[in-house]
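For reference, the structure discussed in these notes is given below.
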Protein chains: 2
Amino acid sequence: MAKKELTLDTEQKIKAAAKEVFLRNGFHGAKVKDIAEAAGVNIALMNYYFRSKEQLFEMIFMETFLSFFGRMITLFNEETPLEVKIWKIVDQYTDFVIENPLMPVFVLSELQKNELTFFKQLNLPTLLMESYMAKQLREEAALGNIREIEPLQLLATLMGNIVFPVIARPMIKHIGGLDQEQYNQFLIDRKQITPRMIMAFLRDR
Amino acid sequence: MAKKELTLDTEQKIKAAAKEVFLRNGFHGAKVKDIAEAAGVNIALMNYYFRSKEQLFEMIFMETFLSFFGRMITLFNEETPLEVKIWKIVDQYTDFVIENPLMPVFVLSELQKNELTFFKQLNLPTLLMESYMAKQLREEAALGNIREIEPLQLLATLMGNIVFPVIARPMIKHIGGLDQEQYNQFLIDRKQITPRMIMAFLRDR
DNA sequence: GTCTATAGAGCGATAGAC
DNA sequence: GTCTATCGCTCTATAGAC
């Protein structure tokens with residue numbers, strides 16, 4: 001039992017180290033030596049647990065993508081009124097990307113470079129179209145409360161406004177001459193701008 | 001003279017090939033062998049013209065970043081009325097990223113991984129704050145025509161709405177179950193959504 | 001389960017012929 | 001200017017000892 005715990009511990013330590021190195025450097029920029037060093041083990045042990053760099057990467061990528069996308073879908077499915085929900089999504093997803101600043105560019109740039117088989121097997125269209133958010137948008141538009149909008153357009157708008165400033169962090173910081181604290185404040189300020197903008201659009205006809 | 005033209009030709013051929021390979025695969029994913037093959041020359045000749053992979057990359061990156069960012073700043077400086085300009089920026093910058101779909105993720109992900117000295121030397125803050133757009137936003141807000149907004153927030157909003165859907169292309173296509181044509185139409189549809197949304201926000205107080 | 005040592009392939013860069 | 005041949009290094013993976 002103590003043996004089993006120790007095993008899990010090493011495995012988790014390698015996985016955590018791999019996640020850190022992959023997210024910072026991407027698949028090709030990450031070297032197995034860096035991962036082994038960050039985990040405090042040697043390369044042989046890494047391959048004992050995970051067989052190859054590719055397999056380790058696929059596991060990390062899958063988990064990271066599901067976290068990145070799943071978090072948004074969970075928020076889409078909250079059964080609160082539309083306007084309340086949009087404010088909440090922006091607030092919570094902003095906090096989420098502030099805590100995981102390397103996640104968006106990692107997920108999106110690896111997705112552009114690789115052909116990831118697991119990704120194609122996910123039934124993402126259904127997840128979006130059958131979300132509570134999609135139902136709400138249809139109903140509110142039918143009632144004439146808001147303008148019609150495709151759920152995918154709303155998703156892209158939300159993500160664009162929340163996630164882009166994180167993807168573009170070095171550029172934003174440099175253009176604005178911001179230090180880390182000012183940059184975080186810049187993201188926090190967007191918690192007001194983004195939902196106001198989306199609601200103004202939905203109501204404006 | 002004919003000799004000189006031939007020289008430039010080979011140099012340009014290598015550079016064009018390098019740009020293609022770097023944009024598709026990033027610095028670490030791009031192999032000098034791939035670039036040489038794409039250019040129809042051998043590795044020795046590449047190094048004859050550009051000395052090293054690093055130097056070739058830096059040249060490509062610099063040009064690409066200046067194109068990506070400069071295009072937006074040029075549009076910011078057009079001396080047309082605010083609303084007209086916002087519509088025009090969205091229209092033209094959308095066309096620009098549709099024509100250069102790999103540019104955004106390349107620029108932003110390499111910027112996150114590397115410490116690029118040339119980048120830090122650029123005086124980007126001045127370019128933005130002294131743009132005609134910044135002046136317009138101050139004046140229109142003082143007149144009470146629009147809500148106050150920092151130029152950097154407007155820049156992030158515009159880029160987020162235009163560029164993010166391109167960065168997230170594989171994800172958007174898969175979530176929406178879109179083929180290439182439907183995906184392009186999705187981007188075109190945003191030419192209406194984004195400026196309407198921004199104007200609704202600026203006017204809504 | 002963890003280590004050392006090393007295999008074997010691939011990488012970027014260059015010497016030297018033409 | 002352009003090529004072939006090759007160097008020296010780094011990379012990932014594995015064999016084998018403990």
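Note that the coordinates shown come from a computational prediction; the quantities given were computed from them, not determined experimentally. Heavy atoms only: backbone and side chains are in, while hydrogens, waters and symmetry mates are out. Proteins come first, then strands; the chains are lettered A, B, ... in the order of their sequence lines, and each starts at number 1.
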Donor-acceptor contact present, side-chain [X] to main-chain [Y], <3.5 Å:
X	Y	value
B:Arg147	B:Phe201	yes
A:Asp179	A:Glu181	yes
A:Lys13	A:Gly40	no

[X] side chain, from C-beta outward: closest of [options]:
X	options	answer
A:Glu54	D:dT2, D:dA13, C:dA13	D:dA13
A:Lys33	C:dG12, C:dC3, D:dC11	D:dC11
B:Tyr48	C:dG12, D:dT2, D:dA13	D:dT2
A:Lys53	D:dA13, D:dT2, C:dG12	D:dA13
A:Leu45	C:dA13, D:dG1, C:dT2	C:dT2
B:Asn47	D:dA13, C:dA13, D:dC3	C:dA13

Distance check: side-chain N/O of [X] vs OP1/OP2 of [N], anything under 4.0 Å?
X	N	result
B:Thr10	D:dG1	no
B:Lys31	C:dC11	no
B:Ser52	C:dG12	no

| With a 4.0 Å cut-off on heavy atoms, is A:Ala36 in touch with a base, just the backbone sugar-phosphate, or nothing at all? |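 Here A:Ala36 touches no strand at all.
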
| request: May I ask you to say what B:Gln55 touches in the nucleic acid, namely base, sugar-phosphate or nothing, with a heavy-atom cut-off under 4.0 Å? | output: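 Result for B:Gln55 = nothing.
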
Whole angstrom value for the distance that separates [atom2] of [N] from [atom1] of [X]:
X	N	atom1	atom2	value
A:Lys13	C:dG1	NZ	C1'	12 Å
A:Met46	D:dT14	CE	C1'	13 Å
A:Glu37	D:dT12	CD	C1'	15 Å
A:His28	C:dC11	NE2	P	10 Å
A:Asp9	C:dG1	CG	P	13 Å
A:Phe50	D:dT14	CZ	P	16 Å
B:Glu11	D:dG1	CD	P	9 Å
B:Ile43	D:dC3	CD1	P	12 Å

| request: Test the B:Lys53-B:Phe27 pair against the cation-pi criterion, namely NZ or CZ under 6.0 angstrom from the six-membered ring centroid and within 45° of the ring axis. | output: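 Yes, a cation-pi geometry.
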
| Atom CD of B:Gln182 with >12 non-hydrogen neighbours under 6.0 angstrom |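 Atom CD in B:Gln182 is packed in, count exceeds 12.
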
| task | Please examine the side chains of A:Lys120 and A:Thr117, heavy atoms only from C-beta on, and report whether any two atoms are closer than 4.5 Å. | result |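 A side-chain contact is absent here, since even the closest heavy-atom pair is not under 4.5 Å.
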
| task | Examine A:Phe65 together with A:Phe119 and report whether their ring centres are nearer than 6.0 Å. | result |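 Aromatic pair counts; centres sit under 6.0 Å.
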
Are there any protein N/O atoms within less than 3.5 Å of an N/O atom in nucleotides 16-18 of chain D, and if so, which ones and at what distance?
none

| query | How many angstroms lie between CG in A:Leu154 and OG in A:Ser131, if you round to the nearest 0.5 Å? | reply |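 One finds 9.5 Å between CG of A:Leu154 and OG of A:Ser131.
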
